[in-house]
Amino acid sequence: MSPRERPKIAEGISRRRFMRALWAAAPLLGGRGVWWPSGGPGAPKPLWRADRRRGPDPSTEAMDESGSMARALDAVETDPAIAGRPLVRYPEKTDLILLTSRPPQLETPKRYFAHAITPNEAFFVRYHILPIPTTVDLATWRLKLGGVVDKPLELSMDDLKTKFAKVSVVAVNQCSGNGRSRFAPRVFGGQWGDGAMGNAAWTGARLRDILTAAGVKPRAVEVAFNGLDEPAQPSVPDFVKSLTVGRIMDDPDVLVAYEMNGQPLPMLNGFPARLIVPGWFSTYWVKNLSEIIVLDHEFDGFWVKTAYRIPDTPCGCVEPASKPTRTVPINRMNVKSVIASPADGTHARVGDALKFEGVAFDGGYGVTGVFVSSDGGATWQAAQLGRDLGRYSFREWSFGLKTQRPGSLRLMVRAVNRVGESQPTEPLWNPAGYLRNVVDHVDVQVM
Amino acid sequence: MNHRASHVTLSFALLVAVSLGARAAEKSIKLPDDNAMAQLKPGPNVDVVRANCFDCHSTDYIVRQPASDAKKWEAEVQKMIKVYGAPISEADAKAIVEYLATAYGENGGKSRQ
């Protein structure tokens, strides 16, 4: 086991318990409903309803309390990481920050991270190859499972929904390269700001139940996953990822999800089904899933063997601008916290009561504390934590502060998880631009 | 048509398409065109870049990268060929590196847009 790959701590919370937690978290989710599970109060309207789309964006409402929408957009303009990048509206999506058009990479504006649940329409998008699927017919779509199994399967959506227990987990999905544009020295790759992440309630069938139904042969070692996206040229490697059989069978929260926040998945987030690997970076969460192959050997495909690898050191980092001697596939997420509001560069007056808020998360131990500093890190005070939606979820935090004197006020935030892991005050570096989790900060100009 | 109105119209058309699709157990979306703002800077060999690079990705994959010297661009182009399987000839690869190191070089000003 690599230093970064850690054993599981505990079983996931039961469906009933987390649904209860979600209900209880209603006020935290924005009152009017960033999202509601079907049958609940609020508005269980389909996300694609025109009136829903024209209605006020819940995150905009949140901004209206502390500032204005214009101020939020100003942050997009002034943040050097995303300056000059247009807001675009893709199918089933609200305005997101465009990173690349084809294959599409769309980034979630940071203000959304004031809330634990990221709305489907605001959830980031990242594809590797093209063409990507733009049409899926459930009448013909099948999830094929083959390889070293007793009984190969071809599952329809009905099969997935009726032949296996329906379970849910709230989990963060974060791109390995989130924050890459802030690396110094800079590195090639998708130049993400902070928005290549999101948190949702994922519902579907347990992958281990599906594998058990097929009967995994004892000599099976790894399982490979393919989606409907295809390479543009025969020489380009198809996007296929793998997990060990143990990773799947030991973890009841690894799912084949067909619902995201109580709705079918948006096409660009993996309709009709995607893999959910709680605690691990998005690269394993194969979208538009179509094929599962059980292997009797280690998978040697490009996207595991060559790409998405981190230095084999305890921090996953090396000296800036140096090369690692050994690498391992990226896996569990490290501890991270962000400040969603107020935006960096916000203006305030002396005596203003400011409310700082954001989310914190880790790779599945669970965040136990969030601390803020307004004196450059000399002293840290505990922030108030929001409702616990499970150990893989964003945890909301907030902190009230009255401005004392004119000048620049820097607020820093750091989270601590259940095993005492936290975040570095200086950024860590690796050649691919992964694992960024340096202490976040915003500067407020007090006048 | 102003920008906002065109957005609303486009969104509505897409929403109708998605809603109709959902009823027929089929979901279908139409992707927007490539980002018109992400134009390659003019320069020698830009046509070679156009001929070789955009089967697999749009121009913004280039214009958003950090400004880099010829050595780094060479490594990146070789990565596209050897690792990502881009079928680019040796002569074209050389021309592409020359273009990138000039238009998006460390001394070539800002690389974005």
Side-chain angles (χ1 to χ4, degrees), chain A residues 46-50 52-54 83-95 98-105 128-141 157 181 183 185-191 231-237 264-268 271-272 302 306-307, chain B residues 3-4 6-8 10-22 24-38 52-68 72-73 75-77 79-88 106 110-113:
Chain A
L47 290 174
W48 52 80
R49 278 272 295 273
R52 171 74 181 77
R53 291 291 293 263
R54 283 203 210 99
R85 288 167 47 186
L87 287 172
V88 290
R89 189 168 285 199
Y90 270 54
E92 304 175 273
K93 292 279 151 189
T94 187
D95 287 344
L98 179 67
L99 177 53
T100 61
S101 312
R102 190 171 50 88
Q105 298 188 92
H128 301 78
I129 55 173
L130 55 85
I132 66 168
T134 53
T135 299
V136 174
D137 185 356
L138 290 181
T140 54
W141 175 84
M157 183 51 72
S181 67
F183 269 61
R186 292 190 61 184
V187 296
F188 280 108
Q191 300 297 314
Q233 312 257 3
S235 54
V236 176
L265 281 74
M267 183 71 84
L268 296 173
F271 182 84
F302 166 75
T306 310
Chain B
H3 194 59
R4 194 78 208 162
S6 69
H7 256 170
V8 170
L10 179 65
S11 305
F12 185 70
L14 291 168
L15 292 171
V16 169
V18 169
S19 308
L20 290 176
E26 180 184 297
K27 188 186 285 225
S28 201
I29 62 167
K30 187 179 179 305
L31 293 173
D33 292 336
D34 284 2
N35 177 16
M37 287 163 68
N52 279 283
C53 301
F54 305 126
D55 268 6
C56 292
H57 61 76
S58 49
T59 49
D60 32 24
Y61 275 75
I62 291 176
V63 306
R64 298 215 183 287
Q65 295 307 320
S68 299
K72 285 182 185 161
W73 276 121
E76 198 61 15
V77 171
K79 186 168 95 184
M80 292 299 140
I81 297 168
K82 290 178 181 156
V83 179
Y84 289 90
I88 301 174
E106 278 182 334
K110 289 173 183 165
S111 69
R112 67 173 170 80
Q113 299 306 324

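We use all heavy atoms of the structure for the numbers below, so side chains are in, but hydrogens, waters and symmetry mates are not. We name chains A, B, ... by the order of the sequence lines, and we start the count at 1 in each one.
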Quiz prompt | Choice from A/G189, A/P133, A/P131 maximising heavy atom contacts with chain B below 4.5 Å | solution =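 Top count of heavy-atom pairs under 4.5 Å with chain B: A/G189.
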
Practice problem: With a 4.5 Å cut-off on heavy-atom pairs, point out which of A/V187, A/I129, A/T306 contacts chain B the most. | Solution: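 Option with the top pair count is A/V187.
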
Look up atom [atom1] in [X] and atom [atom2] in [Y], then write down how far apart they are to the nearest 0.5 Å.
| X | Y | atom1 | atom2 | answer |
| --- | --- | --- | --- | --- |
| B/F54 | A/R102 | CZ | CZ | 8.5 Å |
| B/Q65 | A/R186 | CD | CZ | 8.0 Å |
| B/Y84 | A/H128 | OH | NE2 | 8.0 Å |
| A/L130 | B/D55 | CG | CG | 8.5 Å |

Exercise. Might you work through the side-chain contact (heavy atoms from CB on, under 4.5 Å) test for A/L138 and B/E26, ending with a clear yes or no?
Key: CA-CA 6 Å; A/L138 290 181; B/E26 180 184 297; over 6 Å; no

With distance as the sole test, does [X] use its side chain to make a donor-acceptor pair with the main-chain N or O of [Y] at under 3.5 Å?
| X | Y | value |
| --- | --- | --- |
| B/S28 | A/T135 | no |
| B/Y61 | A/P103 | yes |
| B/K72 | A/F188 | no |

Quiz item: Side chain, backbone, both or neither: which part of A/T100 has a non-hydrogen atom closer than 4.5 Å to chain B?
Solution: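 When you check distances to chain B, atoms from both the backbone and side chain of A/T100 fall under 4.5 Å.
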
Quiz prompt | Distance-only side-chain donor-acceptor flag, B/N35 / A/S101, under 3.5 Å | solution =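 There is no such pair between these side chains.
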
Quiz prompt | Heavy-atom side-chain proximity of A/T134 to B/K30 below 4.5 angstrom | solution =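 No, their side chains stay 4.5 Å or more apart.
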
Self-check item: A/P231 side chain reached by B/C56 side chain, heavy atoms, under 4.5 Å
Solution: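 B/C56 vs A/P231: side chains apart.
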
Quiz item: So, for A/M267 and B/I29, which heavy atoms are closest and what is the spacing to 0.1 Å?
Solution: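 That closest heavy-atom pairing would be CG-CD1, 3.7 Å.
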
Quiz prompt | Contacting moiety of B/T59, where chain A heavy atoms sit under 4.5 Å | solution =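 Nothing of B/T59, per the 4.5 Å heavy-atom cut-off to chain A.
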
Exercise. Take B/R64 and A/L99 through the test side-chain contact (heavy atoms from CB on, under 4.5 Å) and record every step on the way to the result.
Key: CA-CA 8 Å; B/R64 298 215 183 287; A/L99 177 53; 3.7 Å; yes

Quiz item: Can you list the residues that meet the side-chain contact (heavy atoms from CB on, under 4.5 Å) rule with A/P185, with sequence neighbours excluded?
Solution: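 A/P185 satisfies side-chain contact (heavy atoms from CB on, under 4.5 Å) with A/P320, A/A321, A/W429 once adjacent residues are dropped.
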
Quiz prompt | Any residue meeting side-chain hydrogen bond (donor to acceptor under 3.5 Å, both in side chains) with B/H57, in chain and number order, not counting sequence neighbours | solution =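 Once residues adjacent in sequence are excluded, B/H57 has no partner under the side-chain hydrogen bond (donor to acceptor under 3.5 Å, both in side chains) criterion.
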
